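One structure is given below, encoded as structure tokens.
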Amino acid sequence: MGWRFDTIAVAYCLIIPFLLLVLSLWLKRFEKQIISLVTIVASVLFSVSFMVASADIPYFKYYDTRVNISIFQWFDSGFTSLFVILQEPSYLLSLFLYLVFSVVFFIALIKIKNKVLINNSNQKKDQHSTWKIGVMMLMMLTLFFHGFKANFKSPLRVDDAMRTKYSYINQLSLNPLFSLVKSYFLNKKTSFMEDELAIQNTRRYLNINDTCYNSPIARFVRNDSVAKKPNVVIIFLESMSTMNMQYFGNKDNLTPFLDGLVKESMFFENIYSTGIHTHNAIFSTLWSYPSLSRVRQMCANNINKFTGLPGFMKSYGYKNFFFATHDKEFDNIFDFLLKNDFDTIISRENYPDSLVVNAFGIPDHVMLQRGIKVMNESYSKGERFFMTFLTNSNHLPYTLPTKIPFVPKSKSMDNKMIEYSDWAISDFFSKAKNQPWFDNTLFVIFGDHGQIRYFNAYDVPLSYNHIPLFFYAPKIIKQPMIISKFGGQCDIFPTVMGLLGYSYINNTPGIDLIKEKRPYIFFTTDYKIGCIDDTYFYVFRENQGQSLYKYRSNDLTDYKDSLPAITDSMKMYALSILQASQLNIKFNKTGPDSCR
């Protein structure tokens, strides 16, 4: 089947050169110029094709899916993305392959062009030339037809590659250029049903009875306990999948500190990241809205005001700080965070160049140590603080810090960086425990998303979304526990508010995981949507079908037809809340004005 997708990719690249060649039949006097133009156009189009194919190699390795429209998100980050490519050896190899294929193809095309022009100038008028041209056109049209059509009834679709139960084999059938072009037309809509039905379903799923607010999902949450006023520290762990931890079966002992923290904290073992990018995690964790397909809310032209942890913390007198290892313009965090209630952003620009190790700035432990100093300063002023730390060292390009009291045991760089990430957090807490503010601080630690680890049975890899979540505060959370409820990053804000004992208006689809329970949790991977519970894993692919799996045993059987009620229930839950959330954003009902 793979040759069909390769054929359509070739058809994409040849359609314009072919039309120009047909034009040259009627414009004989401009034949030389047109053939030269064909050479240029074909060189450019095939060069783009080679570029996409080369980019697909590291992309597939990182995301376990063929390249799609989300790759253009990196273009918004300018020089940071360029330096990532230049500093990562595997990316340089792909760049080298692209240059080699492009140069070889261009040289071959020039030789073909020169040969055609020489032959045309030396040949006499062929009485059968019209017949030959007709045959050539028929052959080309046949190529285009077989390229653009899967059969005589329908165009070729990504779904046509799904011939086996094995996601990896199905993915290999696809052509990267075809996948990129097709993904542009997928998930352009966020309307899966009537808007009113989506809102009604969402209110029912979230047990919302309030009707006095401008936002249809806003509701008053009463906490009867006495409000506590501890400091709050949020720590995003870059690419920390549950599959990195011994608790979930990893035998390499990569995360001894996190595994030990399971027994000392309130630990949630069935939490899923809202998306597969860091900007998804920041948006969903701090403001409790889900990741929307192909939408980077933090980079929107018109930045909405959202209710969430930063806003409520600020209204209660907290000082809000955000720490990042990279520059403040990456993912537009500076503008978005300042508009949404952060007071201070400390990023790469706030460190000397001597501490910068790669495109993503400084190492995690340097940022965390700076955080302790800032917390000490805030405490000395009598301030309560809300701190957010965005780690990044466990992201390509990997740079293992030197001159620190840490020596990894692993051989692969992937595992070394996971070990380092765990050590950096361990080092942070070993120092934090000696500070006067530690006993009165709630720490929330979790993965911003996971990563491709080991075997993934499905085309939506669970290791990329299944993340650990810890609520750690030895003097506040008296009884450590392991909780098996299903939840997501959008539930962190309401859960923190519940632990602090604050009554508030919740204008998000998030819930308090301690007091409430979801039937399922859903998440996205750019242009696919997953929904999961203790037994079933539902996958929604717009215009590409849907599937229902029994994932606990990596069962590849699709149960959507034999279990239609479960399939429809999970589908309706995920799509309703996604659409209702998008409507709130679209009509600017996400801020405090909509909670009145």
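Bear in mind the structure is a predicted one, so any value in this text is a computation, not a measurement.
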message: Does the structure place the NZ or CZ of K571 under 6.0 Å from the centre of the six-membered ring of F540, at an angle of no more than 45° from the ring's axis?
response: no
message: Checking side-chain polar atoms at under 3.5 Å, does T274 have a donor or acceptor matched by the opposite partner on N280?
response: no
- request: Answer yes or no: is there a donor N or O on one side and an acceptor on the other, between the side chain of N507 and the main chain of C595, under 3.5 Å?
  value: no
- request: Enter the distance from D448:CG to N392:CG here, rounded to the nearest 0.5 Å.
  value: 8.0 Å
- request: Mark yes or no for whether Q489, through its side chain, and G447, through its backbone, hold a donor-acceptor pair below 3.5 Å.
  value: yes
query: Does D422 use its side chain to pair, donor to acceptor, with the backbone of L258 at less than 3.5 Å?
result: yes
message: If we ignore hydrogens and angles and just use 3.5 Å, is the side chain of N456 paired with the main-chain N or O of Y458 as donor and acceptor?
response: no
Minimum-distance pair of heavy atoms, taken over all atoms of A324 and I333: CB-CD1, 4.2 Å
- request: Look at the rings of H395 and F360 and say which category their plane angle falls in: under 30° parallel, 30 to 60° tilted, over 60° perpendicular.
  value: perpendicular
- prompt: What pairs with D195 under side chain to side chain donor-acceptor pair (under 3.5 Å), at least two apart in sequence or on another chain?
  reply: Q579
task: Compare all side-chain heavy atoms of L462 with those of M243 and state whether any distance is below 4.5 angstrom.
output: no
- request: Answer yes or no on whether R370 is positioned over the face of Y351, meaning its NZ or CZ is under 6.0 Å from the six-membered ring centre and within 45° of the axis.
  value: yes
message: On the six-membered ring of F385, is K319 placed so that its NZ or CZ lies under 6.0 angstrom from the centre and within 45° of the ring axis?
response: no
Which donor-acceptor pairs under 3.5 Å do side chains of residues 509-516 form with protein atoms, sequence neighbours excluded?
residue, atom, partner, partner atom, Å
D512, OD1, I514, N, 2.9
K515, NZ, N223, OD1, 2.4
E516, OE2, D512, N, 3.0

field: ring pair (Phe, Tyr, Trp, His ring centres under 6.0 Å) partners of residues 576-596, not counting sequence neighbours, each pair once
entry: none
query: Which ring pair (Phe, Tyr, Trp, His ring centres under 6.0 Å) pairs, counting each pair once, include a residue from residues 463-483, with sequence neighbours left out?
result: Y63-Y464, F248-H466, F267-F470, F268-F471, Y272-H466, F429-Y472, H449-Y464
query: Which pairs pass salt bridge (charged side-chain N to carboxylate O under 4.0 Å, His left out) with one or both residues in residues 258-267, sequence neighbours excluded?
result: none
task: Please work out which of the three classes, parallel, tilted or perpendicular, describes the rings of F443 and F438, given edges at 30° and 60°.
output: tilted
field: Sequence neighbours excluded, every pair satisfying salt bridge (charged side-chain N to carboxylate O under 4.0 Å, His left out) that has a member inside residues 467-477
entry: none
message: Please enumerate all residues that pass side chain to side chain donor-acceptor pair (under 3.5 Å) together with T65, with sequence neighbours excluded.
response: none
- prompt: With no hydrogens and no angle check, is any side-chain donor or acceptor of N304 less than 3.5 Å from a backbone partner on F306?
  reply: no
message: Looking only at side-chain N and O atoms, does T524 offer a donor or acceptor that is under 3.5 Å from a partner on S291?
response: yes
message: Side chains of S569 and Y520 only: does a donor on one sit below 3.5 Å from an acceptor on the other?
response: yes
- prompt: Mind checking what makes ring pair (Phe, Tyr, Trp, His ring centres under 6.0 Å) contact with Y316, not counting sequence neighbours?
  reply: Y502
message: Is any side-chain heavy atom of F389 closer than 4.5 Å to one of M387?
response: yes
Any residue meeting side chain to side chain donor-acceptor pair (under 3.5 Å) with T441, in chain and number order, not counting sequence neighbours: N231
- request: Would you check if the side chain of S284 reaches a backbone N or O of Y289 as a donor-acceptor pair within less than 3.5 Å?
  value: yes
query: Just by distance, with hydrogens left out, do T391 and E238 show a side-chain donor and acceptor under 3.5 Å apart?
result: no
field: Sequence neighbours excluded - salt bridge (charged side-chain N to carboxylate O under 4.0 Å, His left out) pairs with any residue from residues 479-493
entry: D491-R518
message: With a 3.5 Å distance limit and no angle check, can you tell me whether R453 reaches the backbone of T242 through a side-chain donor-acceptor pair?
response: no
task: Examine distances only and state if a side-chain atom of S315 and a backbone atom of F312 form a donor-acceptor pair shorter than 3.5 Å.
output: yes
task: Check for a donor-acceptor pair, side chain of D210 on one end and backbone N or O of F220 on the other, with a separation under 3.5 Å.
output: yes
- prompt: ring-ring contact (aromatic ring centres under 6.0 Å, His included) with F336: which of F342, W287, F330?
  reply: W287
query: Any donor and acceptor pair, going by atom type alone, linking the side chain of N584 with main-chain N or O of T590 inside 3.5 Å?
result: no
query: What about Y205 and Y573, are their ring centers closer than 6.0 Å?
result: yes
Which residues share a side chain to side chain donor-acceptor pair (under 3.5 Å) with D364, sequence neighbours left out: S393
query: Going by the side-chain hydrogen bond (donor to acceptor under 3.5 Å, both in side chains) test, which pairs reach into residues 334-347, not counting sequence neighbours?
result: K305-D341, K314-D343, S347-E349
field: Within 6.0 angstrom of R222 CZ, more than 12 heavy atoms from elsewhere
entry: no
